[in-house]
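Inspection log for the structure reproduced underneath, given as structure tokens.
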Amino acid sequence: MFGVYASPATHRTSLSRRRAEQVLLRLGSLAAHCEFATLSADTPAGPATQDSAATDDRPRLRVSRREQLLTEATRLFDERGFQSVSLADIGEAAGIVASGVHRHFANKGELLEAAVARGDERMRASLEQALGRTGGPLEILEGLLRSHIAVWIEHAHLIGVLTNERDQLQDMRSRDLRRWLHDYVDLWQQVLESARPGRPAAESKYVIHAVHSMIYLAVRANRPQPRADLADRLTELGMTLLLDA
């Protein structure tokens with residue numbers, strides 16, 4: 001519900017204030033009363049996300065120093081904010097001195113650019129995978145939703161940086177990213193309108209933003225080890241909001 005009600009702060013809408021309030025109230029009610037197919041109060045946590053700092057005893061491939069620096073910088077940018085992180089912080093997290101970071105990245109801004117580019121790649125790959133599936137409008141919509149949720153859970157720090165730190169980018173890169181995210185929502189709108197025809201376009205976009213905001217807060221609240229059924233629960237909730245609001 002917090003995610004739903006926070007969503008108007010992240011986008012503009014052409015809906016009248018009264019209509020926006022009505023849609024928001026409906027979305028909040030659906031979020032509060034959605035009945036899940038299966039739900040257990042003692043559902044164990046799932047595996048740690050790929051971008052989390054959690055570790056386990058499984059053998060891992062040795063990663064390059066550059067990759068290690070990018071991973072730690074992404075985590076720190078997401079957790080503390082770009083302006084609050086220094087190269088010394090990143091080097092310390094990676095186990096090297098700050099001067100060692102310069103062998104791989106010229107400055108902190110270059111690390112942010114690399115993190116945003118990586119998050120962008122993950123979202124584009126997820127989108128292509130979802131749209132490559134066959135099926136009817138409802139199946140395509142659910143596949144798109146599941147892919148969106150999966151990339152958020154598996155790459156939470158990357159997407160967090162992509163979402164929250166993009167204003168720290170150079171102007172041209174920031175504009176390109178905003179344009180891509182705008183196109184991403186437009187594509188969602190096309191898929192939703194095929195599965196749920198008859199709803200005004202402005203309302204469809206308003207609902208999509210609310211669903212994305214709900215997923216954002218739910219995933220961040222479940223870090224670093226999300227519940228095992230988080231993706232299924234968010235899919236059920238997301239489909240309810242997308243189709244019934």
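Partners of E110 under the salt bridge (charged side-chain N to carboxylate O under 4.0 Å, His left out) rule, at least two apart in sequence or in another chain, do not exist in this structure.
When only modelled atom types and interatomic distance are considered, Q68 and E72 share no side-chain donor-acceptor pair under 3.5 Å. W188 and Y184 are linked by a side-chain donor-acceptor pair at a separation below 3.5 angstrom, with hydrogens and angles left out of the test. Under the 3.5 Å distance criterion, with hydrogens and angles disregarded, no donor-acceptor pair is assigned to the side chains of D232 and T235.
Panel note: side chain R65, backbone H104; no donor-acceptor pair is recorded below 3.5 Å. Between the side chain of E92 and the backbone N or O of V97 there is no donor-acceptor pair closer than 3.5 Å. Of the possible polar contacts, none joining the K205 side chain to the S14 backbone as a donor-acceptor pair under 3.5 Å is found. Between the side chain of D89 and the main chain of S86, a donor-acceptor pair closer than 3.5 Å is present.
R133 has no carboxylate O lying under 4.0 Å from a charged side-chain N of E139, or vice versa, which leaves the two without a salt bridge.
What you find for S147 and A130 is that their closest heavy atoms are OG-CB, 3.4 Å.
Distance check: L234 CG to L145 CG gives 8.0 Å after rounding to the nearest 0.5 Å. Taking NE2 of H212 as the start and OG of S7 as the end, the distance is 11.0 Å to the nearest 0.5 Å.
Summarising the local packing, CG of D171 is surrounded by 12 or fewer heavy atoms from other residues, nucleotides or ligands at distances under 6.0 Å.
Taking the six-membered ring for Trp and thresholds of 30 and 60 degrees, H209 and H11 have nearly parallel ring planes, at less than 30 degrees apart.
Of the candidates R124, R122, R118, D120 forms a side chain to side chain donor-acceptor pair (under 3.5 Å) with just one, namely R124.
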Checklist entry - Passes side chain to side chain contact (heavy atoms under 4.5 Å, CB included), L243 versus L138? Steps please. => result CA-CA 9 Å; L243 297 175; L138 285 175; 3.8 Å; yes
